[in-house]
4 protein chains.
Amino acid sequence: MCAAKRRNPGSGARGAGLDSRAMTQADLTHQRLVRAALELFTTQGYHVTTTPEIAKKAGVAEGTIYRHFQSKQQLLNDLYRGGARWAAKLVKEADATPGGARDKLAALGRALVAATAREPAVAQLFFLQRHGSLLDDESRKTARDFRLALESLVAQGKAEGSIKAGAAELWAHVWLGVVSLALDHVSAREWPPDHAGVQPTLEAAWEAIRATV
Amino acid sequence: MCAAKRRNPGSGARGAGLDSRAMTQADLTHQRLVRAALELFTTQGYHVTTTPEIAKKAGVAEGTIYRHFQSKQQLLNDLYRGGARWAAKLVKEADATPGGARDKLAALGRALVAATAREPAVAQLFFLQRHGSLLDDESRKTARDFRLALESLVAQGKAEGSIKAGAAELWAHVWLGVVSLALDHVSAREWPPDHAGVQPTLEAAWEAIRATV
Amino acid sequence: MCAAKRRNPGSGARGAGLDSRAMTQADLTHQRLVRAALELFTTQGYHVTTTPEIAKKAGVAEGTIYRHFQSKQQLLNDLYRGGARWAAKLVKEADATPGGARDKLAALGRALVAATAREPAVAQLFFLQRHGSLLDDESRKTARDFRLALESLVAQGKAEGSIKAGAAELWAHVWLGVVSLALDHVSAREWPPDHAGVQPTLEAAWEAIRATV
Amino acid sequence: MCAAKRRNPGSGARGAGLDSRAMTQADLTHQRLVRAALELFTTQGYHVTTTPEIAKKAGVAEGTIYRHFQSKQQLLNDLYRGGARWAAKLVKEADATPGGARDKLAALGRALVAATAREPAVAQLFFLQRHGSLLDDESRKTARDFRLALESLVAQGKAEGSIKAGAAELWAHVWLGVVSLALDHVSAREWPPDHAGVQPTLEAAWEAIRATV
DNA sequence: CATGAATGAGTATTCATTCAT
DNA sequence: CATGAATGAATACTCATTCAT
C-alpha cells in the first residue's frame, strides 16, 4: 500500500557524489529524482514545484517518483537529511583542524563556502530555506546533530576564552547567521567561492562572537 | 480582474494601528482581512494558507476578499509593502538620533526589537520570510527604500571610520542579518523584548561590522 | 477545510419527493447531485463511478460535488441513509395496517414493491447492494432502525403463533430475503409492480416463515 | 496482451483442492495466486483489491500475476468459473440422491452448507457477490449451467406435484435465495455448518416453494 | 518462468476566483 | 458593498499492466 520501503544504505553518500561501483538502473533513477527535486525545490520552492515537473526534469514518469519516495514531502525530507549529514560531516572535519576554536571555525567557514560552491542546491535547501512543518522528527533530529556539533566547537572557544561568554547556542547561531549570508550569495552563483566578499564576511562572523577585551 | 481599483490612501498607516476618526464598515472589513492574512501567512506560510481560511478567520465571506484585494498574491504584496514602509520609518527615526552611526544603529536595533514585539507578524513577514517571485516590482522598490536607508546609515559610519571599509551594502546586510536573529526569537515570542539574549545579539551585530584597528 | 457542514433539515424528505415551496438554487443542485449519484451508483457500482461522471450527469462542475458532500463516500452514505429512512417509514406505515402480522407483512410486501417501482434506485441501493466498509456508523445505525422495526413485526407474529418459533431476527431476514428477489426484478424494471411473479413471491416469503402445524 | 495463452486443463479442479500427482513449480504459484485473490476479493471486494496486494499475499512478484492470468478481471472470471463448476457438481451429486425432489433439494442444501464451510471464499464469490459487468460470456454460461441444473431439480418437483406451479426458474431462484442466507452466515464463519440456524433455514427454503394444498 | 522497476492514464479532492443575488 | 454557491483547472497520488533482465 506504500512504496519505497527498501532503503538501500549509502544512498545518502551516493547522493553526495562519492562512491560508485555497481550502480543499478534503479539507483540511477533515484539519483535523477534527487537532483531534479533538489534543483526545483531550491529554485522555485517546495509548494510551487509539482510532481509532474519533478518527473519531467528527472526524465521519468510521474508514477516513478512513488517507487522511490513515499510522498513529495518524504522526498523533501530525504533531501533535507542528506543536506544535514553533509553539513555535519563538514563540521566534524573542521573539528579535526589543528589549532584553537578560531582556526577551526575559520576552516569550517571556508569549507562551507567551498562545499556550497560545489553543491549550491544542497546548501540552499539546508541552510537558507525554511521548511516549517514539512520536516518530520527524523529530519529535525538530523539537523540537531549538525547544530550540536557546531555548538560544541563554539563551546570549546568559550572554554579557551576566545569566544564571548553566554549561551554557546546563541553564538553558534550568530556565527552561522553571518556565514549564511555568504553562502546565500555563493549558492545563488552571485559570488564565486573566491569572491572579494567572502573573506570579510567570514571574518565578520568571527568578530561577532569573539571575546572582547 | 475588476475589483479593488480605488486605492484608499493611508491603508498602510491604518494597518500599523494609528489613525482612526470615521472608520467606515468597509475599512473595518479591510482591517480584519489584513490581520487575518498577516497572522496566517506568517504562521503557516503563504502557499499553505487558503483564501477560505483567511475569510473565515476574518469573519467574512470568501468573495469579500476580492472586493478589497485583486488577488491573494496582491494581498501578500499589500502586507509586504506595509511592512517595508513600517521598517523604513523606523530607520528614518533612528537616523534622527543624535550621535554617530554606532548610536544610530544601536537605536535602530532597539527600535526594531521593540516594534517586532508589538507587531510580530509584520516583522516576520518583512524580515524573516522569503517571498521569492511572489513580490511585484512595487514591493521590491519599497523594500529597496528600506535597504537604501539602512545602507546610508552604514555609509555614514564608514565615512566616520567607525565601520569597516568595503561595500556599505555588504555591511548593512551583515548587520541586519545578525539583528534578524534576535527579531526571529522576538517575533516567535520566544524572547520578550527585554530578554537577556537581545542586547548581546545587537552588540554582536555591531561588532561584526565595526572597523577594527 | 471541509465543506457541506450546514445540513438543511428535510433534505432527506425532499429527496423522497414530497415537500417543495421555496427550493433554493443550492437545494436544487443538491437534488440533482443526489439523483445523478443514485443512478450511477446503482447501475454501475460505487467504485466504477467517477466524480467527473457524477458531476456531468448532474450538470454541474466537479468541484460542486464537494460543496454539498464531504467526499464521494459521504455522498454514498447520505444516499444510503435516505434509503434506510425511506424503508423504515414503509415498515412503520405497514405496522399501522389493521389485522395480524400476516396482514401487516403482506401490506409491507406490497408497499415495498410499489415503492421500489417508484424509486428503483433507492431500493437497489438499500436492499440489493452490499457496501461493505464504505458505510459509516451513522449509516449502520439507520439501517438497524429499519431491521429492528421489521423484526418487531415478526416478533408480533411469533407472539400470535402465526410465525415459526426461533429468532425473530432470522425470520425477518428470511422474509426480506425472499421479498428482495421480487424487489430485484422490479428495481431492474424487468417486472412491473403488477407482474405475475410478484404475488407468488410475496406469498412464498410468508410461507417460508409462517408457523407450520 | 501476450501472457497466459496456454490453458492448462484441470486448473479448475486443482483450484477445488483434489488432484495432485506432479505439481510443478508453476502450478504451485498458480495455486497461491488463486488462493490469495479468492481471499482478497471476497473479504474486501474486487475493486478495492489491488494487484500488488494479491502478489504480496501470494508471495510472488507483481509481474508474475500476468504469467498466469491475462488481467485482474480474467483472474476474477477464472475464480468465478471455478466456483460455478464446483456448485454445478454439487447439484449433480444431489440429483443422484434417491427419492423425490424434496429429498434431493434437502441433500443439496446440506451439501451446499458443508461445501461452504470447507471453501467459504468460493461460495462467497459465486453465491453471495455480485460482479455486474465484470463477468465475461464464458463465466455467464458456466453460471447458467448451475442454474439450469438446479431448475431441472425444481421442474422435477413440479412434475411430482410437490412444488408449486409457476416458473421453475422463479422457484429455483427463491429456494436458492433462502439457502443463500444460510450460506452467507456460514461463509462469514458466523455459523458453523451445524449451527442451530442452518436446518430451519433450509426447511424454510423448501416451505417457500413447496406446493400448498 | 519469475522478477520488480517503470509506466502513464486515471482518481478524488482542493482552491483561487467569479458573479448572480 | 457583501455574500456564498459555482466553477474548473490543477494537484498529489494510485494501480493495472509491461518488459528488460
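Quick caveat: nothing in here was measured; it's all calculated off a predicted structure. In what follows, chains carry the letters A, B, and so on, assigned in the order in which the sequence lines appear, proteins first and then strands, with residues in each chain numbered from 1. Side chains included, hydrogens not; waters and symmetry mates left out as well; all remaining heavy atoms used.
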Within the structure, does a side-chain N or O atom of D/His68 lie under 4.0 Å from either OP1 or OP2 of E/dC1? no

Determine: side-chain N/O of C/Thr29 to OP1/OP2 of F/dA5, distance under 4.0 Å, yes or no. no

Minimum heavy-atom separation for B/His131 to B/Leu125, with atom names? NE2-O, 2.9 Å

Would you say D/Ser139 and D/Arg81 are linked by a side-chain donor-acceptor pair, where the criterion is simply a distance under 3.5 Å? yes

Any donor-acceptor pair under 3.5 Å from B/Gln73 side chain to B/Leu134 backbone: yes

If the cut-off is 4.0 Å, is C/Thr51 near the phosphate of E/dA12, judged by side-chain N/O to OP1 or OP2? yes

To the nearest Å, give me how far apart CZ (D/Phe69) and P (F/dT17) are. 13 Å

Please state how far atom CD1 in B/Ile54 lies from atom P in F/dG4, giving the value in whole angstrom units. 17 Å

Atom CD1 of B/Ile65 and atom C1' of F/dC1: how far apart are they, to the nearest Å? 15 Å

Taking a pair to mean Watson-Crick or G-U wobble geometry with both distances below 3.5 Å, F/dA10 pairs with E/dT13

Are a donor atom and an acceptor atom from the side chains of D/Glu39 and D/Gln44 found within less than 3.5 Å of each other? no

Measure from CG on B/Leu76 to C1' on E/dT17 and round the result to the nearest Å. 17 Å

Need to verify one output field. Residue with the more 5' nearest nucleotide on DNA chain E, A/Ala61 or C/Thr49? A/Ala61

Residue whose nearest DNA chain F nucleotide is more 5′ - C/Gly59 or A/Gly63: C/Gly59

Send over the distance from D/Lys56 NZ to F/dT14 P, rounded to a whole Å. 14 Å

For the side chain of D/Arg67, starting at C-beta, report the closest nucleotide among F/dA20, E/dT7, F/dA12. F/dA20

Confirm from the modelled atom types if A/Glu62 and F/dC13 form a donor-acceptor pair under 3.5 Å, side chain to base only. yes

Could you say whether B/Thr64 or A/Gln73 is positioned toward the 5' end of DNA chain F, judged by the nucleotide with the nearest heavy atom to each? B/Thr64

Rounded off to whole Å, could you give me the CD-to-C1' distance for the C/Gln25 and F/dG4 pair? 12 Å

Between P on F/dA12 and CG on A/Leu33, what's the gap in Å once rounded to a whole number? 14 Å

A/Gln70 atom CD is separated from F/dA12 atom P, nearest whole Å, by 17 Å

Find the partner of F/dC1: check Watson-Crick (N1-N3 plus N6-O4 or O6-N4) and G-U wobble (N1-O2, O6-N3) distances, both under 3.5 Å, and reply none if neither fits. none

Determine the minimum heavy-atom distance between A/Ala55 and A/Glu62, stating which atoms define it. CB-CA, 3.6 Å

Look at all strands and tell whether A/Thr50 reaches a base, only sugar-phosphate, or nothing, counting heavy atoms closer than 4.0 Å. sugar-phosphate

Whether B/Tyr66 contacts E/dT17 is assessed here as follows: a side-chain N or O lying under 4.0 Å from the phosphate OP1 or OP2. Is that the case? yes

Within the side chain of C/Lys72, is there an N or O that forms a donor-acceptor pair under 3.5 Å with the backbone of C/Thr49? yes

Given DNA chain E, 5'-ward residue of the pair D/Val60 and B/Ser71, judged by closest heavy atom: D/Val60

